[in-house]
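Positions are given from 1, in the same order as the sequence printed here. The analysis underlying the following values was restricted to heavy atoms, covering all of them including side chains, and did not include hydrogens, waters or symmetry mates.
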Amino acid sequence: MSSFSDDDAFEAAEMSLSQRAMMGARPTQQANYMDGLNPAQREAVEALDGPVLMLAGAGTGKTKALTTRIAHLLVTGKARPNEILSVTFTNKAAREMKDRVGRLLGETVEGMPWLGTFHSICVKLLRRHAELVDLKSNFTILDTDDQIRLMKQLIVASGMDEKRWPARQLAGIIDGWKNRAWTPEQVPTAEAGAFDRQAVRLYTEYQSRLRDLNAVDFGDLLLHMVTIFQRHQDILQQYQRYFRYVLVDEYQDTNVAQYLWLRLLASSHKNICCVGDDDQSIYGWRGAEVGNILRFEKDFPGATVIRLEQNYRSTHHILAAASGVIAGNKGRLGKTLWTDREEGEKVRLIGHWDGEEEARWVGEEIESMQRGTRGMEPVSLDHMAILVRASHQMRAFEDRFLTIGLPYRVIGGPRFYERLEIRDAMAYFRLAVSQDDDLAFERIVNTPKRGLGDKAVQTIQRMARSNGVSLVEGARLCVQTGAIKGKGGKALGELVIGLDRWHQQVVAESDTHIETAEMLLDESGYTMMWQNDKTPEAAGRLENLKELIKALENFDNLQGFLEHVALIMDNESEDMEEKVSIMTLHAAKGLEFPAVFLPGWEDGLFPSQRSMDESGMKGLEEERRLAYVGITRAEAVCTISFAANRRVYGQWQSQLPSRFIDELPEENVEVLTPPGLYGGGYGAAGMSMNASPAFSMARESTIFEKASKADVYNSPGWKRMQNRNQGPRGMSQPIEARGLTIDTTATSSFTIGDRVFHQKFGYGEVVDIEGDKLGIEFDKAGSKKVVAKFIVPAGQENDVPF
C-alpha cells in the first residue's frame, strides 16, 4: 500500500524554508492584511473553526474574503501551508488565489501544495495510491479524443452498430455517471435500463481497458479517489488529519463526485468553508448540483452561514432588477444585494421588430456610447459586452458589426463563420457555385463519412493532376475508371452526381438559393450527421446551421452571400484594437463590464424551451439563475432587448417576451420600446398568450404593457432609424444586406488616388479597385477592403449611407 506512515515526516518533507517562515505572525501583517474588509467579510475570515458557508452574491468580494481567510489561518498559526486544502475549478482561479495570499502576507507564497483545482489535487493523491485501484503511479491521463477513440474500438470489437451507439455519445454517458460517482457496479438499474444495459457493459469494458493501458480519464481522477477513501478508512483518516482546514470556491458548481470527496475529507474535523452563490448555479447540464450548496446546513449541523451582500460592482437599479428576477426561484437560500454606489441608470428594456433590427440598434448604441453622444462619458469598446443565451444569436451581431466596421471578439468560441459546421456548409455552397473550388472539395469529400480515407483522397488528387482537371472532375474520373471501388467508390459517385445537380440548380435558378442550400445540406447527409450526433454540442451546431440558412434571406443568390462573407472576414481587426466582447451567458460568469447588452429575451429562446422540456421546473429555475448572472455582469448600463418576430424556416413567427421580463421591478426599469411594436396593444403577443394559459396572469403586468406599446423612446439612434424606410408596424426593415452582393465586373465611380470618407474608418485614399470592392488605406484605421456603396468622396461626409 502506498501511504505515509509518519505524518510529521511527510509534512516536513513538504515544507520549504519559506513556508516555515510564514508560521509566525508579523505585527505588520496582523495590522494590515485584514484592512478594507466589510463587517460580513471580516466575520467570514475570522470564523475559522467548524463548518462555514460563505454565501457570496455577485460582485461581493468573495475572493478577497477567501484569500484573507487563508492568510488569517497562516498568520494566527492555526495551520501550516501544507495543512490547508483549498480547491477551485480553474487553474486561473488557483493562481489568482495564491498571488493574492502572497500580496496579503507581503511575500511570495511558494509552498501551498494543496491549493489547486479538483483534478490537479486528485492527480497528486492518486499517484500516491494508484495500486489501490489497480494502476501504476506513472499512469497517463487520456484527453477527450483518446477517450472517444478507445470507446470506438470497444464498440467495433463488440459488434455493436456504431450509428445506434456513437462513441462520443457513450463517452458522454459514462462521463456523466462518473460525475455522479457511479462505478459500473453502482449504476442504478433504472439508469442502466434506459440504455438496454449496453452502456453499462461497455462502461465495464472501458474501465478494464483503461487499467490494461495504465490510464485514466478526467472523470476517473475524482471517482478513484472517492472509491479509495470509501474502501480504505486508514487512508481517509490520514488525510483527514493532514488537511486540517478545507476551503472550497464556487461550491454551487460541484458535482456529486466532488461533493462526496469533500464531505469525506471534512467529516472528521468539520473545518470546511464553502464559498458560493446558489443563485449563480448555471452548470446543471454538465453535472453541477445546486442541491449541494442548498443542503450544506443539513450536511453539517450547526454550520455558520455568512451572507456577503454588499456589492462593489453594480449600481442600485441593476442589483434591484437582478434581485427581482431571481426572487422567482423557490429553491434558494436567499439574500439581498445592496450597494452604497449611486443609483445610476435604470435597466433599459426595448423591443424590436426582428433580430436584424435588434442587432442594428445595438450596433448604433455601441457606437454612440463609444463616441460619448449618449449624454455620458465615452465608453471603450473593451468595456462593452453582448451576452446571448445561444451561440446562433451571435450571427446577426457579427454580420452587422463586420458590415459597419465595429471591431469585436467572441469569447469562449470561434466567430460564427469560423465554426466547424459553418465552414463545412459554406464549402458545400462554394462547390455548388463553382466546381473548380478544390479546397472546398477537400474539406467535404469525406464529411459526412463516405468511407474515403487518405489513400482514396490521394488517388483523386493524382487523377486530377495527371489530367489537368479539378478535384471534382478527378473524382468523376475515379468513379468512371473504377480507380476507387467498393463502398467508398459508390459514395463518391453519389457525391459527384449531387454536386452536378446542386450546381445546375444554382445556374438555372430553378429553386430559390435558400431552397437550394437547404436541399444541399439535406441531400449531402450533412444535416443528418449532426441530427444523429448525440453529443451536447450537436443541438447547438444544428441551430447554427439554421441561422446560416436564415442569413441567406438577406441576399439575392449564393454567390452574393459567399462574396459578402469573404469580404467581411477579410476585415480582421488588429489584436491591439479595442473590441466589443460577444459571448454566451454561460461564458460570462465571473466577468464584468461597465455596459452589458442582453438580447433575445423571448420565451422559448430565453428561457430555453429545450431546457424547460428536459428538466421542467428545475430547468426553468436554472434559466432564471442564468438571467440573474447576465444582469449582474453589468456595472453601470444594462440593456435587455427582445424581438416581436423571428424568422424560423423561412416563416415569420410571433415571439412572446420572456417571462423574466415580467419579473423585473417596474421602478428599476426604463422602457424604450418604439411605438406600435404590437400594433398599439398585445397584437401578436396576445395570440401567443392564448396558446400559453400559464402566462395570462403574468401578462397583466404594467411592465409588459409598457414594453408592448410604449412611445417614450427618443434616443439619437432611434431618430436616425425613424428617418429611414419604414417597414410593417412602423419598424424599419433591413436595407443594406441585399446591396452587399459584389459585382466584380462593375465600373467603379472611384479611381485610384481618390480621397474618400467612411463613417467608421474616417478618411482614406483608394489604392485598389476590384469592381465594387475598394482597397483603401485609411489615415487612422490602416488598410481595409470596403464595398463602394459605403464610401463617399471626401467633402460629402453628410451623405454617407448608414
Side-chain angles (χ1 to χ4, degrees), residues 1-15 82-87 111-144 146-147 149-151 153-154 157 171 174-187 200-244 246 254-269:
M1 180 179 293
S2 166
S3 63
F4 44 88
S5 56
D6 188 323
D7 287 353
D8 292 334
F10 183 83
E11 293 167 11
E14 290 283 349
M15 290 180 62
N82 58 308
E83 292 175 329
I84 299 173
L85 172 66
S86 183
V87 288
M112 295 196 68
W114 305 107
L115 192 162
T117 65
F118 281 96
H119 288 125
S120 66
I121 290 171
C122 283
V123 166
K124 294 167 69 173
L125 296 176
L126 187 55
R127 291 206 185 277
R128 288 179 175 150
H129 307 286
E131 72 276 11
L132 296 178
V133 285
D134 299 325
L135 294 169
K136 298 174 184 176
S137 61
N138 64 341
F139 60 79
T140 58
I141 303 173
L142 302 187
D143 61 19
T144 303
D146 292 331
Q147 286 178 260
R149 194 179 307 109
L150 176 57
M151 186 62 65
Q153 292 173 4
L154 294 173
I174 291 171
D175 187 58
W177 287 344
K178 290 183 178 183
N179 286 341
R180 285 181 270 185
W182 292 339
T183 62
E185 305 78 35
Q186 295 171 323
V187 176
V200 176
R201 180 177 62 79
L202 274 172
Y203 184 11
T204 303
E205 294 178 8
Y206 175 69
Q207 292 302 98
S208 176
R209 184 65 178 137
L210 285 176
R211 285 192 293 272
D212 293 342
L213 295 170
N214 191 36
V216 299
D217 58 29
F218 282 102
D220 283 327
L221 298 176
L222 265 296
L223 179 62
H224 283 327
M225 284 314 305
V226 169
T227 301
I228 289 170
F229 285 165
Q230 288 174 334
R231 296 177 180 175
H232 301 275
Q233 283 296 308
D234 55 335
I235 301 294
L236 173 61
Q237 289 167 5
Q238 286 176 321
Y239 281 107
Q240 287 173 339
R241 291 195 302 271
Y242 187 62
F243 298 135
R244 296 182 60 196
V246 178
T254 53
N255 59 36
V256 174
Q258 293 160 340
Y259 164 79
L260 290 175
W261 182 72
L262 291 165
R263 277 198 63 188
L264 286 165
L265 284 171
S267 60
S268 176
H269 53 64

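- With sequence neighbours left out, Glu185 forms a side-chain contact (heavy atoms from CB on, under 4.5 Å) with Thr183.
- Among residues two or more places apart in sequence or in another chain, the ring-ring contact (aromatic ring centres under 6.0 Å, His included) test is passed with Phe139 by none.
- By the 4.0 Å N-to-carboxylate-O rule, Arg209 lies too far from Glu205 to be salt-bridged with it.
- Between Leu150 atom CG and Gln153 atom CD the span is 5.5 Å, to the nearest 0.5 Å.
- For the atom pair Arg180 CZ and Tyr259 OH, the distance stands at 16.0 Å (nearest 0.5 Å).
- Annotation: the span from Met112 atom CE to Leu85 atom CG amounts to 9.5 Å, rounded to 0.5 Å.
- Rounded to the nearest 0.5 Å, atoms CG (Leu265) and CG (Leu236) are 6.5 Å apart.
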One pair to check against side-chain contact (heavy atoms from CB on, under 4.5 Å): Leu262 and Phe118. What are the steps and the verdict? CA-CA 10 Å; Leu262 291 165; Phe118 281 96; 3.9 Å; yes
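- Judged purely by atom type and a 3.5 angstrom limit, Gln237 has no side-chain atom pairing as donor or acceptor with the backbone of Asp234.
- Judged as a side-chain contact (heavy atoms from CB on, under 4.5 Å), and not counting sequence neighbours, the contacts of Val123 are Arg127, Ile141, Leu221.
- For residues 255-268, the salt bridge (charged side-chain N to carboxylate O under 4.0 Å, His left out) pairs, not counting sequence neighbours, are Arg263-Asp299.
- The distance from atom CG of Asp175 to atom CD of Gln147, rounded to the nearest 0.5 Å, is 6.5 Å.
- Remark: Thr204 pairs with no residue by the side chain to side chain donor-acceptor pair (under 3.5 Å) rule, at least two apart or across chains.
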For a side-chain contact (heavy atoms from CB on, under 4.5 Å) check, start with the C-alpha distance between Ile228 and Val133, then their side-chain angles and the critical distance, and finish with the verdict. CA-CA 7 Å; Ile228 289 170; Val133 285; 3.9 Å; yes
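- Residues that satisfy the salt bridge (Lys or Arg N to Asp or Glu O under 4.0 Å) test with Arg211, not counting sequence neighbours, are absent from this structure.
- Interatomic distance, Gln240 CD to Gln233 CD, rounded to the nearest 0.5 Å: 7.5 Å.
- Residues Tyr242 and Asn82 are in side-chain contact: their nearest non-hydrogen atoms beyond the backbone lie under 4.5 Å apart.
- Minimum heavy-atom separation, Leu260 to Ala181: CD1-CB, 3.7 Å.
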Please assess Leu142 against Leu210 for the test side-chain contact (heavy atoms from CB on, under 4.5 Å), listing each intermediate value before the final yes or no. CA-CA 9 Å; Leu142 302 187; Leu210 285 176; 3.4 Å; yes
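- For His224 against Leu126, the heavy-atom pair with the smallest separation is CB-CD1, 3.8 Å.
- Applying the salt bridge (Lys or Arg N to Asp or Glu O under 4.0 Å) rule to Asp146 yields the partners Arg149; only residues at least two apart in sequence or on another chain are considered.
- Residues passing the side chain to side chain donor-acceptor pair (under 3.5 Å) test with Thr254, sequence neighbours excluded: Asn292.
- Ala257 approaches Val226 most closely through the heavy-atom pair O-CG2, 3.6 Å.
- Applying the salt bridge (charged side-chain N to carboxylate O under 4.0 Å, His left out) test to every pair with at least one member in residues 212-221, sequence neighbours left out, gives these pairs: Lys178-Asp217, Lys178-Asp220.
- Residues passing the ring-ring contact (aromatic ring centres under 6.0 Å, His included) test with His119, sequence neighbours excluded: Phe218.
- A search for side chain to side chain donor-acceptor pair (under 3.5 Å) contacts involving Thr227 returns nothing, not counting sequence neighbours.
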Verify side-chain contact (heavy atoms from CB on, under 4.5 Å) between Trp261 and Val87, making sure each step is shown before the conclusion. CA-CA 11 Å; Trp261 182 72; Val87 288; 4.0 Å; yes
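- Two residues are said to be in side-chain contact when any heavy atoms from C-beta on lie closer than 4.5 Å; Asn138 and Asn214 meet this criterion.
- Under the rule for a ring-ring contact (aromatic ring centres under 6.0 Å, His included), the partners of Phe243 that lie at least two apart in sequence or sit in another chain are Trp114, Tyr239.
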